[in-house]
S.K.: 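Dumping the structure here so I can ask a few things about it.
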Number of protein chains: 2
Amino acid sequence: MKKDERHQLLRKLVQKDVITKQEDFVDKLHERGIEVTQATISRDIKELQLVKAPAQNGGYRYNLPPEMDYDVSQKLSRLMKDAFVSIDTQREFVLIRTLPGNAFALASLIEAAKYKEMFGCVSGDDTVLVISRDEESAKRLQKKIISFI
Amino acid sequence: MKKDERHQLLRKLVQKDVITKQEDFVDKLHERGIEVTQATISRDIKELQLVKAPAQNGGYRYNLPPEMDYDVSQKLSRLMKDAFVSIDTQREFVLIRTLPGNAFALASLIEAAKYKEMFGCVSGDDTVLVISRDEESAKRLQKKIISFI
DNA sequence: AGTGAATAGAAATTCAAT
DNA sequence: ATTGAATTTCTATTCACT
């Protein structure tokens, strides 16, 4: 199983089940016949930026990172499915192509999403250029943006 | 130094400084002449529901719990300073008294705040009754609501 | 209740291998 | 690049005391 697949699964699991420690992930994956160790889960958690949060009841629970506004997320999802053409990164830049006339709207939504990785964002008619902090950030942004399709 | 004071200070510190581990808190407090151990900080973190989040740069950072909308928070703050009279808990209930005619507005804002501890919330003219999950939740809600004054 | 000292328990990293 | 085994580091809890 590829890392990206496992990451997707972890995101599912952390929402569906109450995960109180990393071993819980190891066990859940084991149930599905996927063998990983705690070391790998620790790295996954870091990459996915999951957080271990003290819960209401007194225990702990791993959570997804704080999401952007539901509203923004909805609109991004619709616009991306609708008008997305391609995405690529070059150094600390992310270049997104859209159908003509949609780039400005997309740029506005990306601004509204307040990605921590993002410095700024400019748009033409069918092109959005996102400037991020560094190459790593650009790659992470690419993944996040693609996930809306 | 009282626990509540220390909690307030921790909330300040976690915003101002980059705290990567609990010992960082111990050190920061030590600099201010406050002697606590890591054990106490661990308990504080649990009570304040601070989270250790993987950061953009590859490290870790303790953060405040995800906040409610800025907008809601602003309005709550204004209304509380304006119209708050008293607050008390009884079992799993929180009873808030306001100046006459303000309870409904306060209840709406409390609803909008989407506190996890809250079941429901009803209001009269000068009284808001919040129903929470249990006694502990009620006490936590009381603290959170008072903090807007 | 709130706390510290000691300890158990959980998570992150190192080191090696692939 | 990705991982597991071992290890280190960090965090939570226990126990005793106040």
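Quick note on labels: first sequence line is chain A, next is B, and so on, each numbered from 1.
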S.K.: Holding to side-chain contact (heavy atoms from CB on, under 4.5 Å), I want the full list of residues that pass it with His7(B), two or more places apart in sequence or in another chain.
M.R.: Lys3(B), Asp44(B), Glu47(B), Leu48(B)
S.K.: Can you tell me how far CG of Leu76(A) sits from CG of Leu109(A), rounded to the nearest 0.5 angstrom?
M.R.: 4.5 Å
S.K.: Is there a path of hydrophobic side-chain contacts, each under 4.5 Å between heavy atoms of I, L, V, M, F, W or Y residues, that connects Met118(A) with Val128(A)?
M.R.: yes
S.K.: Reading DNA chain C in the 5' to 3' direction, which nucleotide is the first one with an atom under 4.0 Å from a heavy atom of chain A, and which is the last?
M.R.: dA10(C) to dT14(C)
S.K.: Does the side chain of Glu35(A) reach to within under 4.5 Å of the side chain of His30(A), using non-hydrogen atoms?
M.R.: yes
S.K.: Should Leu9(A) and Val18(A) be regarded as members of a common hydrophobic cluster, given that ILVMFWY residues are connected when their side-chain heavy atoms come within less than 4.5 Å of each other, either directly or indirectly?
M.R.: no
S.K.: What range of DNA chain D does chain B touch, first nucleotide to last, counting atoms under 4.0 Å from its heavy atoms?
M.R.: dC10(D) to dT14(D)
S.K.: Could you check dA1(D) for me: syn (within 90° of 0) or anti?
M.R.: anti
S.K.: Does any residue of residues 22-34 of chain B have a heavy atom under 4.0 Å from DNA chain C, and if so, which ones, in number order?
M.R.: none
S.K.: For the atom pair SG (Cys121(A)) and CD1 (Ile131(A)), what is the distance rounded to the nearest 0.5 Å?
M.R.: 7.0 Å
S.K.: Within the 4.5 Å heavy-atom criterion, are Leu29(B) and Met1(B) side-chain neighbours or not?
M.R.: no
S.K.: As an exercise, state the distance from OH of Tyr62(A) to CG of Leu50(A), rounded to the nearest 0.5 Å.
M.R.: 8.5 Å
S.K.: Apply side-chain contact (heavy atoms from CB on, under 4.5 Å) to Lys46(A) and list each qualifying residue two or more places apart in sequence or on a separate chain.
M.R.: Pro54(B), Tyr60(B)
S.K.: Test: side chain to side chain donor-acceptor pair (under 3.5 Å). Region: residues 100-114 of chain B. Which pairs qualify, not counting sequence neighbours?
M.R.: none
S.K.: Which of residues 35-48 of chain B have a heavy atom under 4.0 Å from DNA chain D?
M.R.: Gln38(B), Ala39(B), Ser42(B), Arg43(B), Lys46(B)
S.K.: Stem list for DNA chain C, please, built from Watson-Crick and G-U wobble pairs under 3.5 Å and keeping only runs of at least 3.
M.R.: C:2-18 with D:1-17
S.K.: Please name all residues satisfying salt bridge (Lys or Arg N to Asp or Glu O under 4.0 Å) with Asp24(B), sequence neighbours left out, ordered by chain then number.
M.R.: none
S.K.: Determine all donor-acceptor pairs shorter than 3.5 Å in which one atom belongs to a side chain in residues 85-98 of chain B; sequence neighbours excluded.
M.R.:
{"residue": "Arg97(B)", "atom": "NH1", "partner": "Thr127(B)", "partner atom": "OG1", "Å": "3.1"}
{"residue": "Thr98(B)", "atom": "OG1", "partner": "Ala103(B)", "partner atom": "N", "Å": "3.3"}

S.K.: Would you kindly confirm whether Phe104(B) and Val122(B) end up in one hydrophobic cluster when ILVMFWY residues are joined by side chain heavy atoms under 4.5 Å apart?
M.R.: no
S.K.: Does Asp134(B) have any side-chain contact (heavy atoms from CB on, under 4.5 Å) partners at least two apart in sequence or in another chain, and if so, which?
M.R.: Glu136(B), Ser137(B)
S.K.: Show every donor-acceptor pair shorter than 3.5 Å between a side-chain atom in residues 139-149 of chain A and any protein atom, with sequence neighbours excluded, or say none if there are none.
M.R.:
{"residue": "Arg140(A)", "atom": "NE", "partner": "Gln49(A)", "partner atom": "OE1", "Å": "3.4"}
{"residue": "Arg140(A)", "atom": "NE", "partner": "Glu117(A)", "partner atom": "OE2", "Å": "3.3"}
{"residue": "Arg140(A)", "atom": "NH2", "partner": "Glu117(A)", "partner atom": "OE2", "Å": "3.4"}
{"residue": "Lys143(A)", "atom": "NZ", "partner": "Asp4(A)", "partner atom": "OD1", "Å": "3.3"}
{"residue": "Lys144(A)", "atom": "NZ", "partner": "Glu117(A)", "partner atom": "OE2", "Å": "2.9"}
{"residue": "Ser147(A)", "atom": "OG", "partner": "Lys144(A)", "partner atom": "O", "Å": "2.7"}

